[in-house]
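Have a look at the structure below, then the notes.
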2 protein chains.
Amino acid sequence: MSRGDHTEQAILEAAEAEFLDKGLALAKTAEIARAAGVTHAMLHYYFRTKEKLFEKIFEGKVQDLARSLTATFDETQPFLDQVAKLAGAHFDFIAAQPRLPMFVLNEIHHNEERRKIYLPMLVNALRDTIRNLGLQLEAALKAGEVRPVRTSDLLFSIASLNVMTFAGLPIAREAFGMDEEDVRQFVAQRRAENIEVILSRLRK
Amino acid sequence: MSRGDHTEQAILEAAEAEFLDKGLALAKTAEIARAAGVTHAMLHYYFRTKEKLFEKIFEGKVQDLARSLTATFDETQPFLDQVAKLAGAHFDFIAAQPRLPMFVLNEIHHNEERRKIYLPMLVNALRDTIRNLGLQLEAALKAGEVRPVRTSDLLFSIASLNVMTFAGLPIAREAFGMDEEDVRQFVAQRRAENIEVILSRLRK
DNA sequence: AATGAAATTAACTTTTTAGTTAAACATAGA
DNA sequence: TCTATGTTTAACTAAAAAGTTAATTTCATT
């Protein structure tokens, strides 16, 4: 491990924070370097350009987002429990990276080339989950356990509720003067509510 | 009406489209001017700075968003019908300006001063609606028409489902190769589904 | 200790974009 | 028609941020 590894790592970490918070356009290489404790020439030494550094971060984030949309199922459990677990797991995933979905959505929207490269990843992850969830749903339907609903709608609703919980959180926090504890409570409350909303839609 | 009015209007319209699509940071004054069919010096002649032009647009958009969160109630109707109407109206509002919520959310997030100025508008609109919706909900609860739920959660879920329907639409469109008709169908489908999700949560 | 590659710095250049200015033009009203 | 005012243009400047370079330092290896 050469001494430069530490610098490179520091830049990557500072860049991740800066890009996730501000996006590519508003992030400044000088500010990333400052946060990493190095001169901004180092950033170019290790990553050549702001765009190349961004891609390094962004690729990982797209994979994270794709993973958040990937679910595994335990077919021995009741379907509603499976869905509750899926929705809860997705919520926790986003909770751990609250800015992730909007960040990826925004950057992909603002750059056609990135769309071409990274959309397929997300679409593939999505397709897998829809297929698997669809199989379980079909079985539950035949067993008369749930009301009919499109699989894609079910998944879309879960994602919508969970993502939006965090998309506006920093703003809600300021708007209502919430402290750390308020936020924790709000998030816990929304987690339970989102799951309840989804289960209500399925219950007969 | 002086001849400059047309120029000013053309710039405003081009700016609105550009800002909503790209955000303040990525929007270029030269590109706005080009789209408006004038030189970019004209933009500064009429609006002084990019920021001042942006504020002109942004203020209106925040008001639009606040209005989208404002609901009136017809107390003679069954509560579930009122909620369905509210959710549907909100959906249609966002459908007419699909980029509006994310645009305002993003810009407010990236600028502290704007947060200070514009958040109270949104918070006020929200408070009014929560209060009114809360009164109706309480009555419906006493009448045994619905299951208990926090008013703020109910409203938050409606907004989440409706906003996310459009936040990812341009991307979903490209990802799944949807044409105009596919999009129309998807939107109509989501409108019905979002309302059904909300009503399911309320029904006993 | 000498060497050389990797790492770091400070100062520089380039590029992009916002913003300015002075001169030309248009037009309504005296 | 003359003039004053508002409008438009082309060419400019200013500022900010990305990116480069050459000189210097560090440090592992011989």
Side-chain angles (χ1 to χ4, degrees), chain A residues 1-59 61 103 106-107 109-114 117, chain B residues 1-59 61 103 106-107 109-114 117:
Chain A
M1 162 162 150
S2 66
R3 73 217 127 102
D5 288 357
H6 168 257
T7 303
E8 186 171 340
Q9 196 56 31
I11 294 172
L12 279 171
E13 281 165 23
E16 174 171 331
E18 187 80 355
F19 283 138
L20 270 162
D21 184 46
K22 308 213 179 138
L24 173 59
L26 279 172
K28 310 282 172 247
T29 56
E31 171 56 24
I32 292 171
R34 198 205 51 74
V38 302
T39 74
H40 89 284
M42 293 307 293
L43 188 148
H44 290 100
Y45 175 73
Y46 282 97
F47 300 97
R48 305 278 310 180
T49 70
K50 180 183 173 181
E51 256 75 23
K52 282 195 170 62
L53 173 58
F54 179 81
E55 291 297 328
K56 277 253 158 59
I57 303 291
F58 190 66
E59 189 178 333
K61 292 298 143 192
F103 168 70
N106 270 322
E107 298 300 341
H109 176 257
H110 286 130
N111 185 300
E112 182 172 351
E113 196 181 349
R114 264 195 277 284
I117 296 172
Chain B
M1 164 164 150
S2 66
R3 75 217 124 100
D5 288 356
H6 169 257
T7 303
E8 186 171 341
Q9 195 56 30
I11 294 172
L12 279 171
E13 280 164 25
E16 174 171 331
E18 187 81 354
F19 283 139
L20 270 162
D21 185 46
K22 308 212 179 138
L24 173 59
L26 278 172
K28 309 284 172 245
T29 55
E31 171 55 24
I32 291 171
R34 198 205 52 74
V38 302
T39 74
H40 90 284
M42 293 309 293
L43 188 149
H44 290 98
Y45 174 72
Y46 281 96
F47 300 98
R48 305 276 312 177
T49 70
K50 179 183 173 182
E51 257 74 23
K52 281 195 171 62
L53 173 58
F54 179 81
E55 292 297 329
K56 277 252 159 61
I57 303 292
F58 190 66
E59 190 178 333
K61 292 297 143 191
F103 167 70
N106 270 322
E107 297 301 339
H109 176 257
H110 286 129
N111 185 299
E112 182 171 350
E113 196 181 347
R114 262 194 279 283
I117 296 171

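Here is how names work: the chains are called A, B, and so on, in the same order as the sequence lines, proteins then strands, and each is numbered from 1.
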Original post:
Can a side chain N or O of B:Y46 be found less than 4.0 Å away from OP1 or OP2 on D:dT8?
Top reply: yes
Subject >> B:T29 side-chain N/O to C:dA18 phosphate OP1/OP2 under 4.0 Å >> reply: yes
Original post:
How far does CD1 of B:I117 sit from CD of B:E112, to the nearest 0.5 angstrom?
Top reply: 11.0 Å
Original post:
How many angstroms lie between atom CG of B:L24 and atom CG of B:N111, to the nearest 0.5 angstrom?
Top reply: 8.0 Å
Student check: side-chain heavy atoms of [X] and [Y] closer than 4.5 Å:
| X | Y | answer |
| --- | --- | --- |
| A:L53 | A:L12 | yes |
| B:K61 | B:F19 | no |
| A:F103 | A:F58 | yes |

**OP:** Could you identify which residues of residues 21-28 of chain A place a heavy atom less than 4.0 Å from some atom of DNA chain D, listed by residue number, or say none?
**Re:** A:A27, A:K28
Subject >> Stretch residues 31-42 of chain B: residues that reach within less than 4.0 Å of DNA chain D through a heavy atom >> reply: B:T39, B:A41, B:M42
Original post:
Got a salt bridge between A:E55 and A:R114, using NZ or NE/NH1/NH2 to carboxylate O under 4.0 Å?
Top reply: yes
Subject >> Results of salt bridge (Lys or Arg N to Asp or Glu O under 4.0 Å) for B:E51 - residues two or more places apart only >> reply: none
Subject >> Atom-to-atom span, NE2 of B:H44 to P of D:dT9 - whole angstrom >> reply: 15 Å
Original post:
Separation of A:K50 atom NZ from C:dT16 atom P, in whole Å?
Top reply: 14 Å
**OP:** Indicate yes or no for a side-chain donor-acceptor contact from A:H109 to the backbone of B:K22 under 3.5 Å, with no hydrogens or angles considered.
**Re:** no
